[in-house]
Engineer: 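To start, I am sharing the structure in question, which I have written as structure tokens.
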Amino acid sequence: IPLMQGLHLTADLHGCDPAGPAMSSCEALRGLCLGAVRGSGLAPVGELFHRFAPAAPDRAPGGVTGVVLLAESHLAVHTWPELGAVTLDVYVCNFGADNSARARALLDALVRAFAPRHCEHHEIARGRARPSRPH
């Protein structure tokens with residue numbers, strides 16, 4: 001039986017420049033994400049980006065959520081300009097090929113672009129080493 005395996009990478013970024021274009025512009029975040037996806041060697045197959053309204057009229061611009069569907073799985077980015085924060089989520093399947101290096105390259109490119117003062121990374125190996133037996 002073939003095994004489902006994948007790599008799930010997350011990063012919580014703090015101390016990002018709230019005035020950075022990708023923090024509050026769908027177009028800027030889209031360009032950044034698609035460029036990073038292509039640069040990593042992964043294949044985009046769909047996308048959706050949404051800008052949120054500011055929490056109050058006199059507050060900082062609202063953040064953006066962007067999702068890029070990949071032939072290999074997905075990228076999700078959420079920005080909070082009012083907090084100078086970004087969360088990144090990259091998941092790749094490793095069913096037909098090991099895409100781990102591409103996933104790491106994608107995450108690294110986005111972290112560099114947001115230039116946080118602090119970044120917390122996590123890696124989760126997904127799938128099982130061998131199928132469990134029914135009880």
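Note that the coordinates shown come from a computational prediction; the quantities given were computed from them, not determined experimentally.
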Engineer: Quick one: are Tyr91 and Arg126 in side-chain contact, heavy atoms under 4.5 Å?
Structural biologist: yes
Engineer: Could you check whether His121 and Glu123, counting side-chain N and O atoms only, form a donor-acceptor pair closer than 3.5 Å?
Structural biologist: no
Engineer: Please name the pair of heavy atoms, one in Ser24 and one in Pro81, separated by the smallest distance, quoted to 0.1 Å.
Structural biologist: CB-CG, 4.3 Å
Engineer: Once rounded to the nearest 0.5 Å, what's the spacing between atom OG1 of Thr10 and atom CD1 of Ile124?
Structural biologist: 6.0 Å
Engineer: Working to the nearest 0.5 angstrom, can you tell me the gap between Leu32 CG and Glu27 CD?
Structural biologist: 13.0 Å
Engineer: Is there a side-chain contact between Arg51 and Cys26 (heavy atoms, below 4.5 Å)?
Structural biologist: yes
Engineer: Regarding His8 and Asp89, is there a side-chain donor-to-acceptor distance under 3.5 Å anywhere?
Structural biologist: yes
Engineer: Do the side chain of Ser40 and the main chain of Leu106 share a donor and acceptor less than 3.5 angstrom apart?
Structural biologist: no
Engineer: Could you tell me whether the side chain of Asn94 reaches within less than 4.5 Å of the side chain of Glu72, counting heavy atoms only?
Structural biologist: no
Engineer: Is there side-chain contact between Cys93 and Gln5, with heavy atoms separated by less than 4.5 Å?
Structural biologist: no
Engineer: Would you give the length of the straight line joining atom CG of Leu42 to atom CG of Asn99, rounded to the nearest 0.5 angstrom?
Structural biologist: 6.0 Å
Engineer: Under 4.5 Å between any side-chain heavy atoms of Leu70 and Val37, yes or no?
Structural biologist: yes
Engineer: Charged N to carboxylate O under 4.0 angstrom, Arg30 versus Glu47?
Structural biologist: yes
Engineer: Enter the distance from Leu75:CG to Leu69:CG here, rounded to the nearest 0.5 Å.
Structural biologist: 10.0 Å
Engineer: What's the separation between atom OG in Ser100 and atom CG in Leu9, rounded to the nearest 0.5 Å?
Structural biologist: 8.0 Å
Engineer: If you define the side chain from C-beta out and look only at heavy atoms, does anything of His14 sit under 4.5 Å from Asp12?
Structural biologist: yes
Engineer: Please answer: with hydrophobic residues joined when any side-chain heavy atoms are less than 4.5 Å apart, are Val90 and Val67 in the same cluster?
Structural biologist: no
Engineer: Pair Arg104, Leu7 - check side chain to side chain contact (heavy atoms under 4.5 Å, CB included), show working.
Structural biologist: CA-CA 9 Å; Arg104 289 184 183 102; Leu7 180 64; 3.8 Å; yes
Engineer: Side-chain contact test, heavy atoms from C-beta onward, threshold under 4.5 Å: evaluate it for Val68 versus Leu34 and give yes or no.
Structural biologist: yes
Engineer: Does any part of the side chain of Val86, heavy atoms only, come nearer than 4.5 Å to the side chain of Val77, both counted from C-beta?
Structural biologist: yes
Engineer: Rounded to the nearest 0.5 Å, what separation is found between the SG atom of Cys119 and the CG atom of Leu110?
Structural biologist: 11.0 Å
Engineer: Looking just at side-chain N and O atoms, do His78 and Thr65 make a donor-acceptor pair shorter than 3.5 Å?
Structural biologist: yes
